[in-house]
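Notes for the one structure printed next.
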Amino acid sequence: MNIFNDLKDHLRNALEAMTAAGELPAGLSLERVTIEPPRDPSHGDAATNAAMVLCKPAGLKPRELAEKLKPRLDALEFVTETSVDGPGFINIRLADGVWRDQLAGILRLGTRFGDSTLGSGRKVNVEYVSANPTGPLTAGHARGAVVGDALANLLLKAGYEVCKEYYINDAGNQVATLARSTYLRYLEALGEGDANIPEGFYPGEYLKDVGQALAARDGDKWKGRDEAEWLEPIRNFAIDFLMGEIKEDLKLLGVEQAVFSSERKLVEAGKVDAVLETLTQAGHIYTGVLEPPKGKTPEDWEPRPQTLFRATDFGDDVDRPLQKSDGSWTYFANDIAYHLDKFERGYATMIDIWGADHGGYIKRMQAAVRAVTGGKGALDVKTCQLVHMFDNGKPVRMSKRAGTFVTLRDVLEAVGTDVVRFIMLTRRNDQTLEFDFAKVTEQSRDNPVFYVQYAYARAHSVLRHAREALTGRDLSDAGLAALDLSPLADPAELALVKRLAGWPRMVESAAEAHEPHRVAFYLQELAAEFHALWNKGRDDATLRFIIAEDEALTLARMALVRGAAIVVASGLEIMGVTPAEEM
RNA sequence: GCGCCCGUAGCUCAGCCGGAUAGAGCACUCGCCUUCUAAGCGAGCGGUCGCAGGUUCGAAUCCUGCCGGGCGCGCCA
């Protein structure tokens, strides 16, 4: 159910009829033709640019073409008025009944309203969080987690088959460092060693738990043994331990990913060797010497032959190294194998959510995906900027080196899941975000979380009152949907219905753009309009939702109130925020 | 030096696969507030969309070049 898609069908029919009548040349591309609500509602309910887009191939001036199209739109029975305006827009006004029918549809569908067939079941993989299992999730990780999760939900609503995935970076130096750091804490737990953590090890206190758990499981089994003996088992122990914690944190955040892919398993399964073999045979790999970066040559730079991927053949700026000098693969090489693995699992469309500090790797990864899938796979990477934590305006200092940071758990315990999830979507992903513990829990207009949730709660408060005022009346969604809604006639009421009717359009455009934050902004606008309508009842008693002496009107207005609540709930569902009937 | 992201009202930000007079909240100013239903409400003020060119019926939006800020730049992930 999407009225603008319906309108587009009618428009297309009209244009095809014009072609049939010889008024337009055959074979025109309607690609750029749009029909959408005009920015200024005084222009009408919908506007199309068809005349301006098609005038050139038709050999007509925009307004001439518009005048020919206009009567065909006038002929549609639900169109009450059209006009040709500006450079050649056709503005269209629809009968009020169209909008009331939309509202009835919303009540019948519930939060399924806005579901789209845009994706038509195509498979999309969204990979997010993917934090190294070397420590607990921080407040910063929360952003990528929420953006990825909401994006996945959004795509699901838009009709894609979505896989929510986490890539465990459990290979390489960082997890070796983790193992060594854990070993120190393990000795400490056994009452030995030095509690001072030397340079080059992870200093975080959280590793004490890991060391203790290891000591509890294995006793002094690893004490005094060679690193070669304990490195692997302790590494695996620590990774399992920390991944367990990460999953718990994610669960508290409302994130449940279906697939956890292990980098190590990929390597051990020979996937990296395989993909590099394929690339080599295709001639995409060679041994060469890279130029040092201009203007900023690293101190220890020396020209050195390396195994390189011809990323420049696929849109990158320089070719990229695949192998370390010890013979093991670089992270990039492993990541190529990983993305091919996703592709082979059926995900031609892949979306990765990364921190902004990884932005420099986007081009090479996209180049690799192109090379390795023969151009059939597409990778979109969304990068998330930093989250700056504040408490009532005072910055909360964090230092990963010093091991002092705000964990995700801390934030969740302080403000709750709903607040975290909502706030993380109140900025476009590429914009830095300020998270102020005091402000995000404030109950005021300034706090979008409160403002939107309150709209939902207020709607249900009204419904509770209506149930008392209208005892015995059917206020169920089905009952409301079956009503005669013609008492809804005030422009402000119809304007709200029109905004609700725009929800499916919002879902589709946000899904296409891979931009879940748009849902948060839409909900803020919707909430503002709902609250404003509520407030009108203060100045003008005839606009109150509940009019004791007019049951039919009150019932129709309950349909509107409930419709607004449904759309709010539908949006919150994508964001992973709970709608509360009482606050 | 190169690449990517950002630059929109005093502040924080939407809008950006081109569309009509550029939006919201805060702040500020002016009113209202013995409220059905709830943590106030309404109105106003406020912008050469970083700068300069270009593309076209039309540019905040696309292209080029500058300026300013952030991130990144061979064996970290």
Side-chain angles (χ1 to χ4, degrees), chain A residues 32 34 36 38-40 43 47 49 52-53 55-56 61-63 85-89 91 130-132 134 169 171-175 177 263 289-298 300-304 306-308 316-332 334-335 355-363 383 385-386 426-434 442-448 450-451 454 457-466 469 509 512-513 517-518 520-521 524-525 528 531-532 534-539 541 544-548 561 582-583:
Chain A
R32 293 171 57 220
T34 60
E36 49 193 20
R39 190 176 298 161
D40 182 350
H43 287 144
N49 63 356
M52 291 176 292
V53 169
C55 63
K56 199 169 271 178
K61 289 182 177 165
R63 293 191 68 108
D85 292 304
F89 287 102
N91 288 319
S130 300
N132 294 339
T134 54
N169 299 128
N173 292 333
Q174 295 193 0
V175 284
T177 302
E263 180 184 7
V289 181
L290 285 178
E291 295 284 311
K294 293 212 170 60
K296 197 216 165 199
T297 308
D300 58 347
W301 180 274
E302 53 179 88
R304 184 181 293 140
Q306 299 179 97
T307 306
L308 299 171
D316 200 358
D317 308 306
V318 289
D319 294 336
R320 305 292 183 176
L322 296 167
Q323 206 165 20
K324 305 182 198 172
S325 54
D326 69 358
S328 65
W329 301 119
T330 60
Y331 175 80
F332 176 53
N334 293 349
D335 225 3
D357 54 342
H358 290 56
Y361 284 74
I362 296 175
K363 275 192 181 180
T383 56
Q385 265 296 349
L386 298 178
T426 54
R427 289 285 181 279
R428 185 157 33 99
N429 54 294
D430 260 317
Q431 196 79 240
T432 58
L433 185 151
E434 291 187 7
E442 200 173 271
Q443 300 204 332
S444 77
R445 173 77 182 88
D446 313 355
N447 179 1
F450 167 75
Y451 197 63
Y454 177 38
R458 175 173 260 176
H460 282 274
S461 167
V462 173
L463 284 161
R464 282 193 297 274
H465 283 266
S509 60
E512 276 185 312
H517 73 274
R518 294 195 196 183
F521 283 92
Q524 288 180 67
E525 286 166 12
H531 289 308
W534 186 91
N535 284 314
K536 280 201 174 196
R538 292 151 68 108
D539 296 333
R544 292 182 183 184
F545 291 132
I546 297 170
I547 307 289
V561 167
E582 288 182 77
M583 298 181 73

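Quantities reported herein were computed from a predicted structural model and do not represent experimental measurements. Below, read A as the first sequence line, B as the second, and so on, with proteins coming before strands; counting in each chain starts at 1.
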Say you pick atom C1' in B:G68 and the same atom in B:G31; how far apart are they, in whole Å?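 Result for the C1' pair: 42 Å, nearest Å.
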When we call it a touch if two heavy atoms are under 4.0 Å apart, what does [X] touch: a base, just sugar-phosphate, or nothing?
X        : value
A:Arg445 : sugar-phosphate
A:His358 : base
A:Tyr361 : base
A:Glu263 : sugar-phosphate
A:Arg39  : base
A:Gln431 : sugar-phosphate
A:Thr432 : sugar-phosphate
A:Arg427 : sugar-phosphate
A:Tyr331 : base
A:Ala47  : base
A:Asp430 : sugar-phosphate

Spacing of A:Tyr451 atom OH and A:Gln443 atom CD [to the nearest 0.5 Å]: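 It comes to 14.5 Å.
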Value rounded to 0.5 Å, distance of CG in A:Asn173 from OG1 in A:Thr134: 12.5 Å
A:Asn429 side chain to A:Thr383 side chain, donor-acceptor N/O pair below 3.5 angstrom: no
Using Watson-Crick or G-U wobble geometry with both distances below 3.5 Å, tell me the partner of B:U55, or none.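 Per the H-bond distance test, none.
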